[in-house]
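Every heavy atom of this structure was used, including side-chain atoms; hydrogens, water molecules and symmetry mates were not. In what follows, every chain begins at residue 1, and chains take the letters A, B, ... in the order their sequences are listed.
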There are 2 protein chains.
Amino acid sequence: MKLAEAKAEFIQAWGTLGSSWGINRTMSQIHALLIVSPKPMSAEEIMDELKISRGNANMNIRALMDWNLVKKQLIPGERKEYFSAGKDIVEVARQIAKERKRREIDPILEVMESLKKVEGTDQETEDFKKVITELGDFTQKVESTLDKFIRSDKNWFYKTAIKLMS
Amino acid sequence: MKLAEAKAEFIQAWGTLGSSWGINRTMSQIHALLIVSPKPMSAEEIMDELKISRGNANMNIRALMDWNLVKKQLIPGERKEYFSAGKDIVEVARQIAKERKRREIDPILEVMESLKKVEGTDQETEDFKKVITELGDFTQKVESTLDKFIRSDKNWFYKTAIKLMS
DNA sequence: CTTATCTTTCAGAAATAATTGAAAGTTTAG
DNA sequence: CTAAACTTTCAATTATTTCTGAAAGATAAG
């Protein structure tokens, strides 16, 4: 398999994975493209490579910057803006975990918390509270573990994962 | 807040969370509804509660059964089929982890593996292989940790999470 | 200031996903 | 067997998300 072919396949696979986890396909693809690109790319180059429109490229590049997954690189003497993605996978995973936690887990935790305030002492209400409380506790634990991961040093994950598997 | 209201809000929140993680909103809502229902429900009752069509209800109930999140309950003397969801949250999370791993992580691991076979020894190819290998290794670690979680006893997660946080 | 280069915006178009509802299929009771 | 009760299927519709491309907005060079 040729390099160009492998890259294309990687970009494709990454886009599919992203979209099955609720992330826009193009956004994942641009991210993948920048991860495997040896040098920063301009919007134009990204458009050409992925065969997408200017608007689409611009919008998703900005989303990736919002997620702190892509950085703008200003090349001296160049008018255009160039973009690059971090290639340290653990760092990338950490960043994604951080953002999804903030955007999706934190809000639901608040809802769970507020639902514990439901009135009533009958069995059905108690059962409901129990489920909600367990769900909240579980989510808290996941959060805490993610927090640890997010704040940890670069090798923590590998070391810990090995420990957990033993 | 009244119980019925709290349940409705929970169902709504769960649906939203699901859809931002790539799971059909109705599927998540039916799951939530069954989790907080004290007794098994028929398709008819689910349709009424969530104001959805028969076809939609049927399709998503079946999807939930595919995911092993919902079980058919045959009530003696009743013609209708009734459905119930497991209420042990750790068990539910484990089941979801198991299915998503199988459906989405395993396939991408295969792709990663095949991409390592790319030809060439130039710098760009070496860099590509490095990224792909790291990504594969990382995904493997996540997989292994999930496996451990999936196969573990009911309290493993809580105990381990506490340990990791210390 | 004017022009050329580049970026952003956004309304409409296209693509994708979810939903409906009626018809067909099944199962069980009588 | 026949009819009633229930479930499944699926073509058509509706809703949602994504994408396009042209126009407007910046920015810097000349």
Side-chain angles (χ1 to χ4, degrees), chain A residues 11-12 14-34 39-67 70-84 100 103-104, chain B residues 11-12 14-34 40-67 69-84 100 103-104:
Chain A
I11 289 165
Q12 176 56 40
W14 206 242
T16 303
L17 183 67
S19 78
S20 76
W21 285 79
I23 289 161
N24 177 307
R25 183 197 288 323
T26 304
M27 180 170 157
S28 307
Q29 288 181 333
I30 294 176
H31 190 208
L33 173 61
L34 291 176
K39 52 179 186 44
M41 295 180 77
S42 68
E44 204 95 37
E45 291 169 323
I46 293 169
M47 288 161 54
D48 288 352
E49 194 71 43
L50 301 178
K51 306 280 196 304
I52 59 175
S53 70
R54 186 171 298 283
N56 195 10
N58 183 271
M59 181 161 106
N60 284 295
I61 289 168
R62 248 172 336 101
L64 284 163
M65 290 195 295
D66 275 358
W67 281 64
V70 160
K71 281 203 163 44
K72 203 178 275 192
Q73 304 261 297
L74 292 176
I75 295 187
E78 284 266 23
R79 190 67 190 282
K80 275 201 265 284
E81 296 178 329
Y82 285 78
F83 305 94
S84 68
R100 296 210 83 154
R103 292 162 195 243
E104 291 137 14
Chain B
I11 290 165
Q12 175 56 41
W14 206 241
T16 303
L17 183 68
S19 77
S20 75
W21 284 77
I23 289 160
N24 176 307
R25 181 199 272 1
T26 303
M27 179 170 157
S28 307
Q29 287 181 333
I30 295 176
H31 190 208
L33 173 61
L34 291 175
M41 296 179 77
S42 67
E44 204 94 34
E45 292 170 320
I46 293 169
M47 288 163 54
D48 287 353
E49 194 70 43
L50 301 179
K51 308 281 198 303
I52 58 176
S53 71
R54 186 171 298 286
N56 195 9
N58 183 271
M59 178 161 109
N60 284 295
I61 288 168
R62 249 172 337 102
L64 283 163
M65 290 194 295
D66 275 357
W67 280 65
L69 291 170
V70 159
K71 282 206 161 43
K72 203 177 274 190
Q73 304 262 296
L74 293 175
I75 295 187
E78 285 266 24
R79 191 65 190 284
K80 275 201 265 286
E81 296 179 329
Y82 285 78
F83 305 94
S84 67
R100 296 210 83 155
R103 291 163 196 243
E104 291 138 14

So do [Y] and [X] actually touch side chain to side chain, heavy atoms under 4.5 Å?
X     : Y     : value
A:I46 : A:L34 : yes
A:W67 : A:H31 : no
B:F83 : B:K72 : yes

Starting from [atom2] on [N], measure out to [atom1] on [X] and report it in whole angstrom.
X     : N      : atom1 : atom2 : result
A:I61 : D:dT20 : CD1   : P     : 13 Å
B:M65 : D:dT8  : CE    : C1'   : 11 Å
A:L74 : D:dA28 : CG    : P     : 10 Å
B:M47 : D:dA5  : CE    : P     : 16 Å
A:E44 : C:dT5  : CD    : P     : 12 Å
B:D66 : D:dT8  : CG    : P     : 12 Å
B:R62 : D:dT7  : CZ    : P     : 12 Å
A:N58 : D:dA22 : CG    : P     : 16 Å

Non-hydrogen atoms of A:T26 and A:N24 that approach each other most closely: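 Heavy atoms of A:T26 and A:N24 come nearest at N-OD1, 2.7 Å.
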
All pairs passing salt bridge (Lys or Arg N to Asp or Glu O under 4.0 Å) where residues 18-34 of chain B contributes a residue, at least two apart: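 Sorted pair list comes back empty.
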
All pairs passing salt bridge (Lys or Arg N to Asp or Glu O under 4.0 Å) where residues 50-60 of chain B contributes a residue, at least two apart: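 Residue pairs with at least one partner in residues 50-60 of chain B: B:E44-B:R54.
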
Under 4.0 Å protein heavy-atom contact, by nucleotide of nucleotides 11-30 of chain C - B base, S sugar-phosphate only: -------SBBB-----BS--

